Amino acid sequence: MKLQKFSSILALALVISLTGCSNSPAKSSDTKDTAVSADPAETTASDTANADTAEDTTTDSNTQYPITIKHAFGETVIESKPKRIATISWGNQDVPLALGIVPAGVSTANYGVTDDSGLLPWTAEKFTELGEENPVLFKDTDGLNYEAISDVKPDVILAAYSGITKEEYDLLSQIAPVVAYPTAPWETFWRDQILNDSEGMGMKAEGEALVGDLEQLITDKTSAYPQIKGKSAAFFYFNPSDLGKFYVYLPTDPRAAYLTDLGMTVPESVTKLADGAESFAVELSAENVDILQDVDIIVAYGDDSLLKALQADALVGTLPAVKRGSIALIEDGTPLAASGTPSALSIPATIDEYLSIIGEAADKVK
């Protein structure tokens, strides 16, 4: 069986996997974060308003300083309540926004944006709701822009879901305390992203309450789709022009983990693939597709043309899920595709559409 760890040559093309939800697999844990920086941020007068908003509202009466947050690079100590909050990478900006805080600067969304705003729709909507019409964006898809981040004078930098390296973490820490990922790059689930980022803001209790609200929302929404519950599901990435290999996201990837939040189960075959894996996705040769016979529902980026290509393929077309068409196709490059890696704001914004598509796939499972 051909099973390989992702190589760094996929990094840029798979940026979204890295930044949250790309149309391609993902890069290995040792590749550089490509979703954070290039051009200087457009610092505006709104910075002052951002600071005032944060100062007036980031108060958790139970927070005692200093705060110490443990993460993959050690510990970060935050001496006093942050007033100016910067976020980098994927989805971290949605945490302060969901808690009513306008960040001083955020990374430009590099996938799923269908206008020239540089923001996913739920993020843009929340900025507007909070009175910020011109947020500061770090145009950072080619690497961290330390100058732009420094220019917004942050008191804390939120990066709980990211792929920053130790070197990048050290450089960022010279600007402000950094909330890095807990264990591994690009493997922070939405709950932990909220909990770690909110703690870094001095709003741990509010973050816990937000997690509880989202969990209740998921429970309420999934109750309308009983056909989904208990079905085995896995998130795949296929290249229609080369079906000789494909990628399977492992349970450590937020996309795959979200499927279990929605009531589905991890196929035993995928659990076995994850054993000893060094990244959050694996490459599998189509010659070994038979090991995935137990997958009830396949979730993948694509449209009906992908389904036709899969069903016509001599190897992939033998999978029961492909034969019966129990494939939840998420149109590539759309906000919905971006929401496959969930965040505090994307979950309520897209869960209805996401469940509808998966529900149709589940209806085809006999």
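One-based numbering along the sequence shown. As the structure is a computational prediction, the values presented were derived from the model and not from experiment.
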> Side chains of Tyr111 and Asp332: do they bring a donor and an acceptor to under 3.5 Å?
Replying inline: yes
Any sub-3.5 Å donor-acceptor pair from [X]'s side-chain atoms to [Y]'s backbone N or O?
| X | Y | result |
| --- | --- | --- |
| Ser150 | Tyr146 | no |
| Asn92 | Ala160 | yes |
| Asp294 | Ser269 | yes |
| Thr76 | Val178 | yes |
| Ser173 | Tyr169 | yes |
| Ser326 | Val365 | no |
| Arg191 | Val211 | no |
| Thr128 | Ala124 | yes |
| Asp155 | Arg84 | yes |
| Ser356 | Glu353 | no |

Working to the nearest 0.5 Å, report the span between [atom1] of [X] and [atom2] of [Y].
| X | Y | atom1 | atom2 | value |
| --- | --- | --- | --- | --- |
| Ile85 | Leu158 | CD1 | CG | 6.0 Å |
| Ile327 | Ile357 | CD1 | CD1 | 13.0 Å |
| Glu283 | Tyr237 | CD | OH | 11.5 Å |
| Asp275 | Lys272 | CG | NZ | 10.0 Å |
| Thr222 | Leu217 | OG1 | CG | 9.0 Å |
| Gln227 | Ile358 | CD | CD1 | 10.5 Å |

Indicate yes or no: at least one non-hydrogen side-chain atom of [X] is less than 4.5 angstrom from one of [Y].
| X | Y | value |
| --- | --- | --- |
| Ser346 | Leu120 | no |
| Leu119 | Val106 | yes |
| Trp122 | Ser343 | yes |
| Val113 | Asp115 | yes |
| Val299 | Tyr249 | no |
| Lys204 | Leu195 | no |
| Lys139 | Thr141 | no |
| Leu250 | Leu273 | yes |

Do you know the tightest heavy-atom contact between [X] and [Y]?
| X | Y | result |
| --- | --- | --- |
| Val322 | Leu307 | O-CD1, 4.5 Å |
| Leu319 | Leu292 | CD2-O, 3.5 Å |
| Asp242 | Lys245 | OD2-NZ, 2.8 Å |
| Phe280 | Arg255 | CE1-NH2, 4.1 Å |
| Thr265 | Gly230 | OG1-O, 3.7 Å |
| Leu310 | Leu243 | CD2-CD2, 3.8 Å |

> How far apart are the C-alpha atoms of Val77 and Thr68, what are their side-chain angles, what is the distance that settles it, and do they pass the side chain to side chain contact (heavy atoms under 4.5 Å, CB included) test?
Replying inline: CA-CA 4 Å; Val77 177; Thr68 300; 3.9 Å; yes
>> Please evaluate residues Met203 and Ile101 with respect to the criterion side chain to side chain contact (heavy atoms under 4.5 Å, CB included), reporting the C-alpha separation (whole Å), side-chain torsions for both, the decisive distance (0.1 Å), and the verdict.
In response: CA-CA 11 Å; Met203 301 182 71; Ile101 306 303; 4.1 Å; yes
> Can you name the one residue among Asp220, Leu262, Leu214, Asp261 that meets side chain to side chain contact (heavy atoms under 4.5 Å, CB included) with Ile351?
Replying inline: Leu262
Spell out, yes or no, whether [X] and [Y] are grouped together once hydrophobic residues are joined by side-chain heavy atoms under 4.5 Å, including indirect joins.
| X | Y | answer |
| --- | --- | --- |
| Leu345 | Ile347 | yes |
| Tyr161 | Leu137 | yes |
| Phe189 | Met264 | no |

>> Run Thr87 and Val95 through side chain to side chain contact (heavy atoms under 4.5 Å, CB included) and show every step you take.
In response: CA-CA 9 Å; Thr87 75; Val95 178; over 6 Å; no
> Is the gap between the ring centers of Phe235 and Tyr301 under 6.0 Å?
Replying inline: yes
>> So that I can tick it off, tell me whether Asp170 and Lys166 are bridged by a salt bridge, with the cut-off set at under 4.0 angstrom between side-chain N and carboxylate O.
In response: yes
>> Using the rule given for side chain to side chain contact (heavy atoms under 4.5 Å, CB included), can you reason through Asp94 versus Lys126, listing the C-alpha separation, both sets of side-chain angles and the distance that settles it, and then say yes or no?
In response: CA-CA 9 Å; Asp94 288 351; Lys126 197 65 176 181; over 6 Å; no
Decide if atom [atom1] of [X] counts as having more than 12 heavy atoms of other residues, nucleotides or ligands within a radius under 6.0 Å.
| X | atom1 | result |
| --- | --- | --- |
| Gln293 | CD | yes |
| Glu75 | CD | yes |
| Glu215 | CD | yes |

> Angle class for the His71/Phe73 ring planes (parallel below 30°, perpendicular above 60°, tilted otherwise)?
Replying inline: perpendicular
